[in-house]
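Have a look at the structure below, then the notes.
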Amino acid sequence: MDKKMLIKRLNEDLAGELGAIIQYLTYAAKATGPYRPQLSQFFLTEVADEQLHAQYLANKVVALGGEPATEPRPVPAAKTNREMLEAVLAAERKATADYTQRAKEAEALGDKGLAVQLEDMVRDESGHSEETERILRDWPL
Ligand SMILES: [Fe+2]
Ligand SMILES: [Fe+2]
């Protein structure tokens, strides 16, 4: 892993965050039924966190001498509330795993500031996963 590869990986992470923002915005609009108010609010609350992650990553890519990605990762198709929650859970688990790995890579390259920030992001994403898991745990349909 060299600096160039790290920039590439951070840009993949950034694409994931841009995709997450679109995913949450879209799912907030699509939530239906008696739980719509809570679900929609839950999805919209996540947008703020993902935006901060995207902002951090874009800044870091520029600081490292790269060009920040502008193409979002595609949003998985989901029809029902349950499918949306499952898609969100998969995305949050992936983000947790990716940042866990990225923090190790940053540490190995001697960028402690980046490693610490990525570990903070592991905490955020695993919090999102756990919240989504609990919503799904007793999901009625
Ligand atoms: Fe995120
Ligand atoms: Fe997240």
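In each ligand, atom 1 is the first atom listed, and ligand 1 is the first ligand listed. All of these numbers come straight from a predicted model, not from anything done at the bench.
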Looking at [Y] and [X], is any side-chain nitrogen of the basic one under 4.0 Å from a carboxylate oxygen of the acidic one?
X   : Y    : result
R93 : E133 : yes
E12 : K8   : yes
R82 : E86  : yes

TODO: Go around the Fe ion (ligand 2) and count every protein N, O or S atom nearer than 2.8 Å.
DONE: 5
Task: Main-chain N/O of A31 paired with R36 side-chain donor or acceptor, under 3.5 Å - done: yes
Task: Under 3.5 Å donor-acceptor, N11 side chain and A69 backbone - done: yes
Task: L18: hydrophobic cluster co-members (side-chain, 4.5 Å) - done: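 M1, M5, L6, I7, L10, L14, Y56, L57, V61, L64, Y99, L109, L114, L118, M121, V122, which link up through side-chain heavy atoms under 4.5 Å apart, make up the rest of the cluster.
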